[in-house]
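To start, the structure itself, in structure tokens.
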Amino acid sequence: MTRTLWRRANIATFADGAATRTPYGFSEHGALVTEGDRIVWVGADDALPADLRIGAEHDLQGALLTPGLIDAHTHLVYGGDRAAEFEQRLHGATYAEIAKAGGGIASTVRATRAAATEQLTERAVARARVLMAEGVTTLEIKSGYGLSADDERRSLKAAREVGLRLPVSVCTTSLALHALPPEYAGQADAYVDAACDWLRDQHAAGLVDAADAFCESIAFTTDQVARWFTVARSLGLRVKLHAEQLSDSKGAVLAASFNALSCDHLEYLGADGVRAIRESGTVAMLLPGAYYFLRETQLPPIAALREAGVPIAIATDHNPGSSPALSLLLMLNMACTLFRLTPEESWRGVTVNAAKALGLDDRGMLVSGMRADLAVWDAEHPRELAYRFGVNPCRRVVIGGTECVA
Ligand code: NIG
Ligand code: FE
């Protein structure tokens, strides 16, 4: 197999653990060698072993080389949009009021059910391409706007199809416990039972990699989520949770007891929640796009998370209602400006910690043995990408060792 050399790079490896670790794992005059879909060597340009037998060579002339970005929380599959709701909110209605009146998630459910599977797929593929053009090489996609056996299955199929039509890696998540569909009004427990049955079928069909829920007064209780998680666990699926977004519903404590991969949003997370997710090794997934778009004022407890050493990830949360953002680079900037994360913390949030949030231990760092998922940027240092916004300095994207055009 031919080996490919990427040389004269300003390289940010995000490698963990080494005593010699520099911020961002950054060094100038770096080089990296790939073979097939793997990285086989990383080091200084002048330290390249002579016997590596390089087949192809790219001179990066000082451009920045980083791991491909990982967007570990998206709702990319849905019909319609919610621009009219955005307008309503600007006339004074709140997100929760709109949801209670049958708008919000329910209106996207209607549009999703009305859309053909191919249309759902094409729109999700188009959105994924936009993310990829900014260096995204791994993507999580949730269902949650179908909310019936057939429409949830179609949504997960569309999500899987994104990973088949594009080189990007896709992890699928069933979010059937996103909202109560109208046909189950007043029967939330019966809905949870039905959703658990669908999950068994989706799992048997190979459509689902993880299970998620929305734990909130306008969505599902901790008891209902616990039943859903119990079924997920019995199928060998890892869980994650939309927790403490609008109130402290104690979702994170519950999720931690199921060893959740991540707890997401977390604006209202209390000290008990921080302790619980630290102990379970759960990633805190912060979503600055939703915070910004809903004009939240309650900040997630960043200082407490940092002090506890909880790994923090950042994602777009792309969805039509609370975060119609399709730029992970913008989230990098917002995590700094709105949440006061440092540029390095934000970067780790879209690389190493995002990989952890998906339970993937083969990516998120430029280290020998990891997947060759790379991004090349028109920048000298990673902090520049957290600093600028509204520009796309991504020049090249490599996924599994193959350069792709998004
Ligand atoms: O992640 N919090 C719940 N779900 C989405 C919003 C969904 C919607 O409004 O359509 C979120 O923010
Ligand atoms: Fe979400």
(request) Would you check if V350 and D71 make a side-chain contact, meaning some heavy-atom pair closer than 4.5 Å? (result) no
(request) Identify the heavy atoms of D361 and M370 that sit nearest to each other, and give their distance. (result) O-CE, 3.6 Å
(request) Any chance you could measure T172, atom OG1, to L156, atom CG, to the nearest 0.5 Å? (result) 5.5 Å
(request) Measure the CD1-CH2 distance between I54 and W6 for me, rounded to the nearest 0.5 Å. (result) 12.5 Å
(message) Could you check whether any side-chain heavy atom of C215 comes within less than 4.5 Å of a side-chain heavy atom of F220, counting everything from C-beta outward?
(response) no
(message) For the backbone of N259 and the side chain of S280, can you confirm whether one donor and one acceptor N or O come within less than 3.5 Å of each other?
(response) no
(message) Quick one: does any side-chain atom of E216 pair with a main-chain N or O of S247 as donor and acceptor, under 3.5 Å?
(response) yes
(message) Under the rule for ring pair (Phe, Tyr, Trp, His ring centres under 6.0 Å), what residues qualify as partners of W198, not counting sequence neighbours?
(response) Y191
(request) To the nearest 0.5 angstrom, please state how far the CD atom of E140 sits from the OG1 atom of T173. (result) 3.5 Å
(message) If you compare all heavy atoms of A354 against all heavy atoms of A72, which two are closest, and at what distance to 0.1 Å?
(response) O-CB, 3.8 Å
(request) Can you measure from CG (L269) to CD1 (I277) and round to the nearest 0.5 angstrom? (result) 5.5 Å
(request) Return yes if some donor-acceptor pair links the side-chain N/O of T112 with the main-chain N/O of G79 below 3.5 Å, else return no. (result) yes
(message) For T13 versus P67, what's the shortest heavy-atom pair and its separation?
(response) O-CG, 4.1 Å
(request) Take H73 and H318 through the side-chain hydrogen bond (donor to acceptor under 3.5 Å, both in side chains) test and state the conclusion after the steps. (result) CA-CA 8 Å; H73 179 143; H318 175 83; over 6 Å; no
(message) Counting neighbours of CZ on R395 that are heavy atoms of other residues, nucleotides or ligands and sit closer than 6.0 Å, is the number greater than 12?
(response) yes
(message) Within the 4.5 Å heavy-atom criterion, are N319 and Y145 side-chain neighbours or not?
(response) yes
(request) Would you confirm whether R38, through its side chain, and G369, through its main-chain N or O, come within 3.5 Å as a donor-acceptor pair? (result) yes
(message) Going by the rule side chain to side chain donor-acceptor pair (under 3.5 Å), which residues pair with E152 if we only count those two or more places apart in sequence or in a different chain?
(response) S143
(request) Could you tell me which residues satisfy side-chain contact (heavy atoms from CB on, under 4.5 Å) with A158, sequence neighbours excluded, listed by chain and number? (result) V77, L120, T121
(request) Just say parallel, tilted or perpendicular for the rings of F86 and F293, cut-offs at 30° and 60°. (result) parallel
(request) Examine distances only and state if a side-chain atom of H58 and a backbone atom of L60 form a donor-acceptor pair shorter than 3.5 Å. (result) no
(message) side-chain hydrogen bond (donor to acceptor under 3.5 Å, both in side chains), that's the test. Do S262 and D264 meet it? Break it down for me.
(response) CA-CA 6 Å; S262 68; D264 305 41; 2.8 Å; yes
(message) Counting only heavy atoms not in E380 (residues, nucleotides, ligands), do more than 12 fall under 6.0 Å from its CD?
(response) no
(message) Testing the basics here: between I105 and H178, what is the closest heavy-atom pair and its distance to 0.1 Å?
(response) CD1-NE2, 3.5 Å
(request) Find the distance between CG (L207) and NE2 (H203) and round it off to the nearest 0.5 Å. (result) 10.5 Å
(request) Nearest 0.5 Å please: distance from the CG atom of L328 over to the SG atom of C394. (result) 11.5 Å
(request) Any side chain to side chain donor-acceptor pair (under 3.5 Å) involving residues 327-338? Give me the pairs, sequence neighbours left out, ordered by first then second residue. (result) E134-S327
(message) Does any part of the side chain of T66, heavy atoms only, come nearer than 4.5 Å to the side chain of W377, both counted from C-beta?
(response) yes
(request) Kindly indicate, with the supporting measurements, whether the criterion side-chain hydrogen bond (donor to acceptor under 3.5 Å, both in side chains) is fulfilled by E57 and T4. (result) CA-CA 6 Å; E57 187 171 321; T4 304; over 6 Å; no
(request) For R160 and D209, run salt bridge (charged side-chain N to carboxylate O under 4.0 Å, His left out): C-alpha distance rounded to whole Å, both residues' side-chain angles, the deciding distance at 0.1 Å, then the answer. (result) CA-CA 10 Å; R160 272 275 185 263; D209 300 322; 2.8 Å; yes
(message) Is the shortest side-chain heavy-atom distance between Y291 and E267 below 4.5 Å?
(response) yes
(request) Can you establish whether the number of heavy atoms outside Y184 located under 6.0 Å from its atom OH is more than 12? (result) yes
(request) Any salt bridge (Lys or Arg N to Asp or Glu O under 4.0 Å) involving residues 270-298? Give me the pairs, sequence neighbours left out, ordered by first then second residue. (result) K250-D272
(message) Give me each pair satisfying salt bridge (Lys or Arg N to Asp or Glu O under 4.0 Å) with a member in residues 91-115, each pair once, sequence neighbours excluded.
(response) R113-D151, R113-E183
(request) Compare every heavy atom of G364 with every heavy atom of A355, then report the nearest pair and how far apart it is. (result) CB-CA, 4.4 Å
(request) Starting from the C-alpha separation in whole Å, work towards a yes-or-no answer on side-chain hydrogen bond (donor to acceptor under 3.5 Å, both in side chains) for D212 and H242. (result) CA-CA 7 Å; D212 193 353; H242 284 71; 3.2 Å; yes
